[in-house]
Amino acid sequence: MRLFICLLLLLLRSGSAVAQKTPLAEAERFINVAELLPENVEINGSTQGFAIYGRYAFSVHDKGQCVVIDMKRRKFVSTFTLEGNTGHCNNASFGVEHYNKQSAFPLLYVTECRGERACYVNDISFEGSRLVQKIFYDGADIAGPADWAVDRRRRLIYLYCTVDNVRTLKWFALPRLADSDSRGEVHLKAEDALGSMPAGDISIPQGSHIHRHRAYLPDGIPPRPTRLHVTDLKTGKQLMLIDISHTGLEPEGVATRGRWLYLSYHTPRDSRSNVIDRFRIRR
């Protein structure tokens with residue numbers, strides 16, 4: 001009997017340990033940007049990419065408008081249009097390199113997502129941006145649109161794409177500005193990839209975010225199911241699959257700040273309504 005109790009306690013502890021390894025806690029509503037916007041600020045285009053640096057979030061909209069939010073004070077800061085980018089702006093993430101000593105932020109990488117499979121690299125401020133580089137993937141092995149996401153810690157850039165009908169993550173060394181050709185472009189080839197792996201059973205890819213060897217990949221569009229996939233980039237295993245269909249919103253951009261993962265949603269037919277939820281990250 002004593003042996004049975006000991007085994008039972010061991011199993012319970014083991015189960016508790018597994019539960020503690022779940023990457024994300026339950027979501028909580030953080031803000032709706034619409035409630036922060038002054039009435040005279042016009043927002044055009046659906047909410048798409050989302051990136052955070054320090055206390056500031058940059059919510060990018062279809063065709064290039066960018067809305068800046070102070071995440072600490074939950075206040076609107078400014079809005080501007082990205083120079084030279086009239087694409088879908090499906091994803092956004094910050095890199096490591098600054099354009100120059102006067103740049104307040106590292107370079108911002110925004111997915112074009114209109115067929116060129118291009119990443120637009122921007123030097124940004126609160127007032128505006130300038131396009132300083134374009135990154136292309138020239139390989140013939142992928143089909144359809146593709147996203148770009150930067151892994152700042154390892155100085156990599158991920159291409160989130162479809163290969164032979166399989167959602168795939170490819171990664172490359174993050175190009176520097178000095179790697180640009182005379183046109184300000186970098187063209188990556190299939191042989192430049194440092195590795196690749198399946199991204200999971202993803203129906204409709206949305207944004208992507210790389211943080212601490214994990215890929216956070218939102219999926220779906222209402223009225224179809226919507227989900228958030230969490231994948232271990234070391235093993236390729238799915239760590240968590242979160243059903244977010246109850247929101248009734250389209251998941252778009254993902255970003256991290258401290259111990260929080262933020263998920264930004266698009267509200268159909270309402271460009272001002274940019275709902276943002278957050279999940280506590282368990283390490």
Side-chain angles (χ1 to χ4, degrees), residues 48-51 60 62 82 85 87-97 106-122 131-177 179-181 183-219 228-238 251-256:
Q48 297 298 324
F50 186 69
V60 185
D62 179 57
L82 293 169
N85 192 342
H88 192 49
C89 301
N90 200 59
N91 204 48
S93 54
F94 279 99
V96 179
E97 189 175 3
L107 299 174
L108 179 67
Y109 294 72
V110 179
T111 297
E112 172 263 348
C113 205
R114 287 285 191 215
E116 288 190 307
R117 298 168 185 160
C119 181
Y120 285 39
V121 185
N122 309 270
L131 181 62
V132 297
Q133 184 185 63
K134 291 183 182 180
I135 302 172
F136 297 88
Y137 180 68
D138 290 344
D141 55 327
I142 72 174
D147 254 8
W148 298 88
V150 174
D151 179 346
R152 300 186 71 240
R153 174 169 291 195
R154 293 186 291 166
R155 295 179 181 244
L156 300 173
I157 189 166
Y158 280 72
L159 181 66
Y160 179 28
C161 56
T162 303
V163 179
D164 296 329
N165 294 317
V166 176
R167 308 299 186 199
T168 301
L169 289 166
K170 292 175 172 283
W171 54 94
F172 306 81
L174 179 64
R176 301 167 301 167
L177 288 178
D179 296 326
S180 301
D181 62 18
R183 295 173 297 180
E185 298 178 357
V186 172
H187 289 261
L188 298 173
K189 301 177 178 60
E191 54 266 31
D192 296 324
L194 301 178
S196 68
M197 61 179 286
D201 182 19
I202 295 170
S203 174
I204 302 176
Q206 299 287 356
S208 53
H209 182 63
I210 309 299
H211 179 66
R212 292 184 176 270
H213 298 286
R214 293 174 184 164
Y216 297 93
L217 307 171
D219 165 26
L228 176 63
H229 302 250
V230 185
T231 299
D232 188 326
L233 294 173
K234 291 181 179 178
T235 65
K237 293 181 178 179
Q238 186 173 83
E252 296 289 354
V254 197
T256 46

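Annotation: Asp164, atom CG; neighbour count of heavy atoms from other residues, nucleotides and ligands within 6.0 Å does not exceed 12.
Judged by distance alone, with hydrogens and angles left aside, the side-chain atoms of Asp232 form no donor-acceptor pair with the main-chain N or O of Lys237 at under 3.5 Å. For Gln238 (side chain) and Gly200 (main-chain N/O), no donor-acceptor pair under 3.5 Å exists by modelled atom type. Judged by distance alone, with hydrogens and angles left aside, the side-chain atoms of Arg152 form no donor-acceptor pair with the main-chain N or O of His211 at under 3.5 Å.
Between the side chains of Asn90 and Thr111, no donor-acceptor pair of N or O atoms lies under 3.5 Å.
Residue pairs meeting the ring pair (Phe, Tyr, Trp, His ring centres under 6.0 Å) criterion with at least one partner in residues 131-155, sequence neighbours excluded, are Phe136-His187, Tyr137-Phe172.
Applying the salt bridge (Lys or Arg N to Asp or Glu O under 4.0 Å) rule to Arg154 yields the partners Asp151; only residues at least two apart in sequence or on another chain are considered.
Nearest heavy-atom pair, Arg176 versus Gln133, reported as atom, atom and distance to 0.1 Å: O-NE2, 2.9 Å. Counting all heavy atoms, side chain and backbone alike, Pro218 lies closest to Ser208 at CD-N, 4.5 Å. Minimum heavy-atom separation, Arg167 to Thr162: NH1-OG1, 2.8 Å.
Residues Asp181 and Arg183 are paired through a salt bridge, judged by an N-O separation under 4.0 Å between the basic side chain and the carboxylate. Residues Lys189 and Asp192 are not paired through a salt bridge, judged by the lack of any N-O separation under 4.0 Å between the basic side chain and the carboxylate.
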